[in-house]
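Numbering starts at 1 and runs along the sequence shown.
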Amino acid sequence: MGQTEIKIFVVLIPVVILIFIIGIIMFVFQYRKRKLMYQKEKANIEKQHKLDLLNNQLQIQQQTMQFIGSEIHDSVSQKLTLASIYSQKLEFENKHPDMLDNLSKISAIINDSLAELRDLAKTLNNPHIRNEGLAELIWHEQERVNGAGICKLEADSDFNRQISITVKSFVFRVLQEFIQNSLKHSGCSLIKIIMEDKLDGLSIEASDNGKGFDIDQVLSGGIGLTNMKRRIHQIGGTFNLLSEPGKGTSVQLFINNKNLLSE
């Protein structure tokens, strides 16, 4: 082997080694890139799965409670009301004086049952709604949402006054609807709920840091938002929705002191 060939061989060896090293580096880089993409895709699938489970849980719970409440109101309550009318009619006609006392007792039992069923129908949306305050209900919701690991929910409140079951139920359901909409549609990472005890009533702001939307377009066909607004108006409150594309969404609620105690 001549001197020239030796020199070429000496020069080529480092070049080949360098090319080999670069090839290994590129292979490792591509492998890590594909691995990161796979992990990211896997995390997105798991996140979507958790979100779907959470939304299904909320929907099933809401549908079940609404169905039971409707059945109690439309079927059982109607039958008891009819039985009460018949018993009162017998009392009024007084065709059987010896049965008057028993009829009065039956009528009282039926009326008491009706009152209990109405209360039950109001509270079926949440079994703790009668015994817990609005702030406690929201904190339980915070624990449930944060436990799913999809989005962080922060709730802050200085409100601890007693309010009617109807107001508590409607406000809680509206806030649940806002949370569900944020989780389902906004792509947010943070939801905040702030409840403040004002001198003239209860002020609530719920907001998310999601993608927002065009209010005019959504309100024209958004049943959920329409129902939220209707619920608050039914208890004499005010409802204000704010949102812009890219700037998140917020809902501002206010119920004055008088309406806080109305059934």
Hey, does Leu134 have a side-chain heavy atom less than 4.5 Å from the side chain of Leu202? yes

Would you indicate whether the side-chain heavy atoms of Phe159 and Leu260 approach each other to under 4.5 Å? yes

Would you indicate whether the side-chain heavy atoms of Glu132 and His140 approach each other to under 4.5 Å? yes

For Ser189, side chain to side chain donor-acceptor pair (under 3.5 Å) partners two or more places apart: Asn209

Nearest-0.5 Å distance that lies between atom CD1 in Ile194 and atom OG in Ser157: 10.5 Å

Taking side chain to side chain contact (heavy atoms under 4.5 Å, CB included) as the definition, give me every residue that meets it alongside Ile24, ordered by chain and number, with sequence neighbours left out. Phe20, Val28

Sequence neighbours excluded, the answer for salt bridge (Lys or Arg N to Asp or Glu O under 4.0 Å) partners of Asp156 is none

Any chance you could measure Met195, atom CE, to Asn160, atom CG, to the nearest 0.5 Å? 10.0 Å

What heavy-atom pair brings Leu175 and Ala206 nearest, and what distance separates the two atoms? CD2-CB, 4.0 Å

Distance (rounded to the nearest 0.5 Å) between Gln252 CD and Ile232 CD1: 12.5 Å

Side chains of Gln39 and Leu36 in contact at under 4.5 Å (non-hydrogen atoms): yes

Pairs in or reaching into residues 235-252: which pass salt bridge (charged side-chain N to carboxylate O under 4.0 Å, His left out), with residues at least two apart or in two chains? Glu244-Lys247

Quick one: are Ile179 and Ile191 in side-chain contact, heavy atoms under 4.5 Å? yes

Just verifying a value: how many Å separate Phe254 CZ and Asn259 CG, rounded to the nearest 0.5 Å? 9.5 Å

What's the verdict on side-chain contact (heavy atoms from CB on, under 4.5 Å) for Phe178 and Asp208, showing C-alpha distance, side-chain angles and the deciding distance? CA-CA 9 Å; Phe178 178 85; Asp208 67 45; 4.0 Å; yes

Which side-chain hydrogen bond (donor to acceptor under 3.5 Å, both in side chains) pairs, counting each pair once, include a residue from residues 191-201, with sequence neighbours left out? Arg161-Asp197

Side chain to side chain donor-acceptor pair (under 3.5 Å) partners for Ser243, two or more places apart: Thr249

Quick one: CG on Leu137 to NZ on Lys168, what's the gap to the nearest 0.5 Å? 6.5 Å

When every non-hydrogen atom of Val251 is compared with those of Met228, the smallest separation belongs to CG2-CE, 4.3 Å

Are Leu253 and Phe239 side-chain neighbours, meaning at least one heavy-atom pair lies under 4.5 Å? yes

Spacing of CD belonging to Glu154 relative to CG belonging to Leu190, to within rounding of 0.5 Å: 5.0 Å

Whether the side chain of Gln142 engages the backbone of Ala155 through a donor-acceptor N/O pair (distance < 3.5 Å, no angle test) should be reported. yes

Which pairs, with at least one residue in residues 18-38 and sequence neighbours excluded, count as a salt bridge (charged side-chain N to carboxylate O under 4.0 Å, His left out)? none

Sorted by chain and number, sequence neighbours left out, salt bridge (Lys or Arg N to Asp or Glu O under 4.0 Å) with Glu136 holds for none

Counterpart residues, side chain to side chain donor-acceptor pair (under 3.5 Å), relative to Asn146 (two or more places apart): none

Can you list everything that forms a salt bridge (Lys or Arg N to Asp or Glu O under 4.0 Å) with Arg230? Sequence neighbours excluded, please. none

Mind checking side chain to side chain donor-acceptor pair (under 3.5 Å) for Asn181 and listing every partner two or more places apart, or none if nothing turns up? none

Determine whether Ile138 and Phe172 make a side-chain contact, defined as any pair of heavy atoms from C-beta on separated by less than 4.5 Å. yes

Going by atom types alone, do Gln176 and Arg173 pair a side-chain donor with an acceptor below 3.5 Å? yes

Partners of Glu205 by salt bridge (Lys or Arg N to Asp or Glu O under 4.0 Å), sequence neighbours excluded? none

